[in-house]
Amino acid sequence: MIYREAGDFKTSYAADNQTFPIRGDRIAYYMVLAFAFLVMPFVINDYWANAIVLPFLIYAIAALGLNILIGYCGQLSLGSGAFMAVGAYATFKLTTAFPGLSIVFVVLLAGLVTAGVGVLFGLPSLRIKGFYLAVATLAAQFFLIWLFTQQPWFYNNSPTGMISMPTREFLGMPVTGPRASAVNMYLLCLVFVVALAWLARNLTRGTLGRRWMAIRDMDIAAEIIGVNPMMAKLSAFAVSSFFIGVAGALFFAVYLGAAEASEAFGIEKSFIILFMVIIGGLGSILGSFIGAFFLIVGPVLLKLLLVDQLGWSTDLAAHLEIMIIGALILLFLITEPHGITALWRTIKEKLRLWPFPH
Amino acid sequence: MRMTRMAAVVAATMVAAGPALADSLHFPMLNYRTGPFAPNGIAFADGYQDYLTLLNERDGGIGGVPIRFTECETAYNTERGVECYQSIRGDNPLIIQPLSTGITYQIIPRATQDGIPVHSMGYGRTSAVNGEVFNWVFNYPATYWDGASVIINHLLAENDGSLAGKKIALVYHNSAYGREPIPTLNRLSEELGFEFLALGVDSPGQEQRSQWLQIRRERPDYVLMWGWGVMNPTAIQEAANIRFPMNNFYGVWWSGSEQDVMPVGDGAHGYRSLAMHGTGTDYPIYADIQNYVIEPGLYAGTGDEVGTVLYSRGLYAAMLATEAARTAQEIHGTPNITAAMMRDGMASLEMTEERMAALGLPGFGPEFSVSCQNHGGSGAAMIQEWDANTGTWNLITDWIDSDREMIMEMVMEDSLAYAAENDIEPQCLERSGG
């Protein structure tokens with residue numbers, strides 16, 4: 001009744017091709033943005049910012065990045081954890097070497113460094129595909145983590161191999177380190193998330209995204225119609241790694257504050273980001289957010305519900321949490337193999353026809 | 001959409017259930033009863049909680065104020081640790097004991113900013129010994145660098161004062177925790193002329209075939225171990241498999257509990273480890289624990305860890321924390337102390353033999369006193385040996401001192417570098433006014 005395109009006439013190609021062609025969607029999108037920028041900063045408390053919202057935003061960036069690679073370009077990667085580590089260590093090295101450099105530039109530069117490393121480890125994708133490529137990126141995961149734990153240069157010779165983020169300010173307000181307020185950290189991450197999601201959406205529906213999708217759907221056919229597979233694959237690796245690098249930089253600098261490569265960026269990071277992409281929906285921007293929400297916010301909400309609300313013991317709750325999240329993953333994958341976004345798409349179709357189902 | 005509504009409901013109730021009860025002393029516990037480190041985490045958590053329960057049941061808390069304890073599950077995971085810290089910091093915690101070196105590193109700057117004292121007992125950042133830089137962080141009674149030095153001093157005594165030409169290997173958990181002793185051992189190897197070999201094992205540590213193959217090839221005279229969780233029994237099993245003499249295999253205090261040697265059976269006989277406190281139920285306090293905690297069924301967990309090494313360690317951590325609270329109450333003349341007063345109590349804590357005997361724990365831990373210049377206690381430790389036939393840990397030495405002069409030199413180096421990085425002016429913190 002409310003949610004439909006009847007009466008929403010498009011008079012130009014641009015209007016017809018916009019990201020949210022239905023007015024209801026558009027309004028919802030602007031309302032979410034307004035809520036995130038104008039309401040959240042005033043109501044968010046430290047616990048919600050630090051324990052729930054920050055990791056959600058940061059993992060959403062990482063999931064967006066991996067979704068570009070897997071969902072849009074069809075190149076399987078298990079190296080996301082290591083690429084996040086590259087972003088984190090690049091941030092650490094840059095900000096300790098150039099303390100005066102603005103943290104925003106440091107994060108962007110860390111993303112660029114990661115993009116370079118990503119292209120390097122994306123080279124095998126020109127020759128190998130599918131599971132074999134996954135194994136090659138797995139090598140990146142182990143090699144990079146080994147590098148960051150064994151070479152003292154990367155952690156400035158600290159005796160334990162831990163890297164710690166000093167306090168850095170942006171526009172006169174601390175955004176990293178212990179003095180940073182929750183709101184500042186939240187806003188910094190939010191700006192990155194919105195900008196990168198906007199970038200991802202527009203890249204994927206432009207020429208570059210169409211090339212990626214052509215390669216994903218059938219690389220030989222794509223080559224025949226004139227898509228250069230090398231450029232397409234390597235650009236996907238570069239853009240994807242840039243996103244993941246920025247996520248790693250924020251993860252270390254804003255969220256954790258101190259990190260150690262094998263503990264914070266191990267193989268399980270690669271898997272959890274992969275699961276986000278698969279559960280949220282391959283080849284979908286919204287899916288990356290849903291996947292991150294499901295796997296990062298879900299466990300915390302379950303803990304709040306079981307321990308703080310119902311008063312169950314923490315170990316029982318922790319075990320139940322693993323079981324419930326696991327069961328939900330299975331349930332979603334069985335009922336909706338294309339991810340939760342596919343479910344959302346079906347609901348949208350139903351809503352548009354409501355109340356006449358046929 | 002339903003999820004967001006649920007989240008909103010949870011959020012609303014969270015806010016409503018905000019402020020904590022007054023007139024209680026909040027001792028939060030960051031435990032891990034799940035994950036690959038659970039076998040060790042459970043025993044520690046049980047001991048810690050049982051001691052607090054004992055004080056509540058027997059004495060009505062500390063100085064007449066009941067103790068309130070809360071539990072947060074970290075699974076030894078730093079991200080969970082951040083979440084836990086955020087969830088307790090608004091709830092007037094008196095002391096944070098993260099029980100993980102990685103989480104400790106993360107919490108140090110935040111807790112310093114929030115004014116909550118951190119006690120990392122025998123773990124965490126060693127250079128926190130320098131209380132002028134780390135005002136809010138304590139790691140008494142001993143640090144990892146002390147531990148490494150104590151083992152080497154013990155080996156020196158066994159080898160008539162010279163380790164020249166010997167080869168010593170370190171098998172370590174490849175994390176911040178495991179890497180802590182490496183600078184000390186490097187330095188000692190230069191000074192004493194032994195060859196030092198560091199072999200990292202990736203977390204959680206079930207896969208260490210190649211490290212032990214290398215040990216078999218290199219034939220070190222002694223192997224030291226900085227392990228935790230499933231890594232410990234695996235390493236002891238591997239050592240038994242290559243028939244490495246167990247008497248020459250030394251673990252740190254986190255690698256010497258029943259959970260580590262029991263799975264290996266007879267092969268673990270003679271394995272040695274550091275001990276920072278006594279073990280077993282032969283202390284008078286256990287009569288009270290039996291009466292007030294175990295018989296009424298108030299024990300934590302399943303109650304089958306009582307008297308084990310890590311249970312004793314939890315007990316010891318709780319005892320040091322509550323003694324600091326008692327000291328703080330005396331200093332400030334009020335039973336209702338704040339986190340800042342608790343810090344004063346920790347900074348002037350004095351553990352004497354009389355005090356430990358009065359608590360029912362005679363000779364349990366080292367005697368030490370805390371000062372602004374030394375947050376690290378005495379640094380002394382004992383060596384214990386596992387007897388697989390009787391299933392007991394036996395102490396084979398008295399307290400062995402560490403090379404504190406050298407360690408303090410390294411502590412100053414590291415802590416001043418930290419101070420410079422973070423713009424800290426090293427100085428002692430004044431006692432809080434309240």
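Since we're looking at a predicted model, the values are computed, not measured. Per chain, numbering begins at 1; letters A, B, ... match sequence-line order.
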For B:Y177, is it the side chain, the backbone, both or neither that has a heavy atom under 4.5 Å from a heavy atom of chain A?
neither
Is chain B contacted by the side chain of A:Y255, its backbone, both, or neither, given a heavy-atom distance below 4.5 Å?
both
From B:Q86 atom CD to A:D46 atom CG, the distance as rounded to the nearest 0.5 Å:
6.0 Å
With a 4.5 angstrom heavy-atom cut-off, is it the side chain or the backbone of A:E268 that approaches chain B, or both, or neither?
neither
Tell me the closest heavy-atom pair linking A:H319 and B:R33, and the distance in Å.
CE1-O, 4.1 Å
Between atom NE2 of B:H173 and atom OG of A:S262, what is the distance when rounded to the nearest 0.5 Å?
8.0 Å
Tightest non-hydrogen contact, residues B:T78 and A:E263, listed as OG1-OE1, 2.6 Å
If the contact rule is any heavy atom under 4.5 Å from chain B, which residues of residues 139-156 of chain A qualify, in numerical order?
A:T149, A:Q150
Considering only heavy atoms, which portion of B:S175 lies under 4.5 Å from any heavy atom of chain A: side chain, backbone, both, or neither?
both
Closest non-hydrogen atoms of B:C72 and A:K303, given as atom of the first, atom of the second and distance, are SG-NZ, 3.5 Å
Closest contact, heavy atoms only, A:M162 versus B:G102
CE-O, 3.9 Å
Counting heavy-atom pairs under 4.5 Å with chain A, the top scorer among B:R89, B:R110, B:E79 is B:E79
Please rank A:G161, A:P166, A:S313, A:A259 by heavy-atom pairs under 4.5 Å with chain B and give me the top one.
A:G161
Neighbour count >12 (heavy atoms, 6.0 Å) for atom CZ, B:R80
no
Where do B:Y105 and A:A258 come nearest, in terms of heavy atoms and distance?
O-CB, 4.2 Å
Roughly how far, to the nearest 0.5 Å, is the OG atom of A:S164 from the CG atom of B:N422?
7.0 Å
Go through B:E71, B:E83, B:E180 and name the one with the most non-hydrogen pairs under 4.5 angstrom from chain A.
B:E83
NZ of A:K350: more than 12 outside heavy atoms within 6.0 angstrom?
no
Non-hydrogen atoms of B:E73 and A:D315 that approach each other most closely
OE1-CA, 4.2 Å
Rounded to the nearest 0.5 Å, what separation is found between the OG1 atom of A:T314 and the CE atom of B:M29?
8.0 Å
